[in-house]
Amino acid sequence: MTGYARRVFARRAAWNLAASPFAARAFDRRKRGLPLLDLSESNPTRVGLAAPAAALARALSELARDASLGRYVPDPRGEAGARAAIAAHHATPAAPLHAEQVILSAGTSEGYAHLFRLLADPGDRVHLPRPGYPLFEHLAALEGLAIETYTLRPPASGPRWRIDLDAFEASLDARSRAVLLIHPHNPTGSFLDPQDLAALRSLGREHELALISDEVFAGTGSEAAPPSLLAGAEAGPLHFVLSGASKQLALPQLKLAWILVAGPAAAQGEALARLEFIADAYLSVSPLLARLLPDLLAQQRELARPLLARVAANRARLAALDPAGPATALAAEAGWAAILRVHTALDEEAFALALLERAGVLVQPGFLFDLDAAPGVAQLVLSLLPEPDLFARGLGALLAFAAELA
Ligand SMILES: Cc1ncc(COP(=O)(O)O)c(C=O)c1O
């Protein structure tokens, strides 16, 4: 960093913005037009899933005919019809939800920012899962918050990762304000275990810690959905759920997400009033786009079906890998990602780089998600969204490359 940059920019903006060697090599390969089998693509709009965009086009053309299009009546919590549709989408018999418990945001990341501002002052701590998707620490740091990670332990068998609760409890202090859960988790694909939820709730009540569950990938499992985490939330602590159109409707371009607020009635009311104040300072959600949500959410199952079928087909291909072969996939319950364990003497980054340069296959090395390294094994994160033929060719090239190295 130059002396000027050191003086003029805030410490929290003192990032090293140079691309990592891995990202730079992938970018370079694309720029040079070299063949690339991209098994990291997680943008559903780039993998030929046409139904959501077609439904969006229909909903937009209907909206265009609406006579009230020219009026702007801002509601800081978000358009009432959209909130009612979201509440209906998430409600279960054990955890009813009302439109009043919903706040819209322009993307899930903004939802995180609202919650961090609501719950924590600069220097306070939020507890994040490790491994995890590399976004939340940046969102917390942007609000001046300190980050503490808690460990998710891989299962000896089966798909369910568990929280190291003793270590988590020992890490709590007076500045701990919130704990983040990803349900189902990215990239492990594991749901939060009910016993872990019960323990976190009890610690949350004891330490006045709010729970934030990121449920953007809810509904992506092949098994019956697990019970809503909000069942029983009224006993406390405050519990916020994050979700959005990006993953629920495969429409990231809508930039519409939402926060559900649950917990003891009085605290819930206080939280909602304060969140409304925060949202009112920005009014960032387009009420026009929000008006599309009831129609799109009503079609959610049909819109998600092709994507879920794709994810299931790619997952089945991984599940069928020879256990004695060079790579096996970890069992998972849901989500759009898979973790592949490749037997190799190279470390993860070296393997991923060599795979990219010599076989033209792009995957994400596990350390980007804070997956613990294991000797003799490279853990790779694969997106399950690529078109099945490309996925099969990429996986085949990966296996051949790993076998050749061995
Ligand atoms: C668990 C989780 N939450 C939130 C996000 C951000 O989602 P979006 O910005 O598309 O709403 C991601 C991105 O993949 C994610 O994995």
Side-chain angles (χ1 to χ4, degrees), residues 38-47 49 52-53 56 78 82 86 89-90 102-116 126-143 147 149-150 152 161 178-192 211-221 226 229 240-260 284-286 289-290 293 296-297 300 303-304 307 311 332-339 363-364 366 368-371 381-386:
D38 188 350
L39 301 189
S40 72
E41 183 59 73
S42 58
N43 176 343
T45 70
R46 291 210 198 109
V47 290
L49 293 161
L56 178 61
I86 291 163
H89 177 66
H90 286 275
V102 181
I103 304 264
L104 263 61
S105 64
T108 320
S109 296
E110 190 184 64
Y112 275 107
H114 286 356
L115 291 179
F116 290 155
V126 288
H127 295 255
L128 312 178
R130 177 195 162 95
Y133 182 70
L135 169 68
F136 315 118
E137 64 263 42
H138 302 303
L139 296 174
L142 281 168
E143 303 307 324
I147 295 137
T149 56
Y150 65 85
L152 290 172
W161 292 54
V179 55
L180 170 60
L181 326 161
I182 318 291
H183 176 75
H185 189 269
N186 182 15
T188 69
S190 168
F191 287 113
L192 179 71
L211 304 189
I212 301 175
S213 55
D214 176 332
E215 304 188 15
V216 297
F217 289 111
T220 58
L229 293 191
F240 303 89
V241 173
L242 292 168
S243 187
S246 170
K247 310 292 191 285
Q248 289 294 297
L249 296 166
L251 285 171
Q253 67 272 47
L254 258 187
K255 291 305 297 174
L256 280 178
W258 45 89
I259 305 170
L260 312 176
S284 51
V285 178
S286 159
L289 292 185
L293 267 183
L296 293 170
L297 281 173
Q300 196 261 344
L303 296 184
L307 184 147
V311 165
E333 296 177 278
W336 295 1
I339 300 171
V363 295
Q364 290 185 286
L368 295 176
F369 295 79
D370 281 334
L371 280 163
V381 176
L382 272 54
S383 166
L384 298 171
L385 294 193

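One-based numbering, in listed order, for ligands and for the atoms of each.
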Report the nearest protein non-hydrogen atom to [atom]: residue, atom name, distance rounded to 0.1 Å.
atom                    : result
atom 10 (O) of ligand 1 : Ser246 OG, 2.5 Å
atom 9 (O) of ligand 1  : Thr108 OG1, 4.2 Å
atom 12 (C) of ligand 1 : Tyr133 CE2, 3.7 Å

_When you measure from the heavy atoms of Trp336 to every atom of ligand 1, does any distance fall below 4.0 Å?_
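Contact check Trp336 vs ligand 1: negative.
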*Can you tell if the side chain of Ile147 reaches within under 4.5 Å of the side chain of Phe136, non-hydrogen atoms only?*
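Result no, sub-4.5 Å side-chain heavy-atom pair not found.
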*Sub-4.5 Å side-chain heavy-atom contact between Leu293 and Trp258*: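 Sidechains of Trp258 and Leu293: in contact.
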*Distance in Å, Glu215 CD paired with Lys247 NZ, rounded so as to fall on 0.5 Å steps*: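 Answer rounded to 0.5 Å: 14.5 Å.
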*Hey, does the side chain of Gln248 reach the backbone of Gln300 with a donor-acceptor pair shorter than 3.5 angstrom?*
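No; zero donor-acceptor contacts below 3.5 Å.
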*Just by modelled atom types, is the Phe191 backbone N or O under 3.5 Å from a matching donor or acceptor in the Glu333 side chain?*
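Side chain of Glu333 to backbone of Phe191: a pair is present.
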*Check whether any N or O atom of Tyr112, backbone or side chain, sits under 3.5 Å from an N or O atom of ligand 1, and answer yes or no.*
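No, Tyr112 has no N/O under 3.5 Å of an N/O on ligand 1.
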Which of the atoms of ligand 1 are close to [X], meaning less than 4.0 Å from one of its heavy atoms?
X      : value
Asn186 : 16 (O)
Phe136 : 1 (C), 2 (C), 3 (N)
Lys247 : 7 (O), 8 (P), 10 (O), 12 (C), 13 (C), 14 (O)
Ile182 : 1 (C)

*Could you see which bit of Asp214 sits under 4.0 Å from ligand 1, with heavy atoms only: side chain, backbone, both or neither?*
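Contact part for Asp214 vs ligand 1: side chain (C-beta onward).
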*Show the numbers, then the answer: is there a side chain to side chain contact (heavy atoms under 4.5 Å, CB included) between Leu289 and Lys255?*
CA-CA 9 Å; Leu289 292 185; Lys255 291 305 297 174; over 6 Å; no
_With side chain to side chain contact (heavy atoms under 4.5 Å, CB included) as the test, pick out the partner of Leu385 among Asn43, Val47, Asp38, Leu39._
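With Leu385 as partner, side chain to side chain contact (heavy atoms under 4.5 Å, CB included) holds for just one option, Val47.
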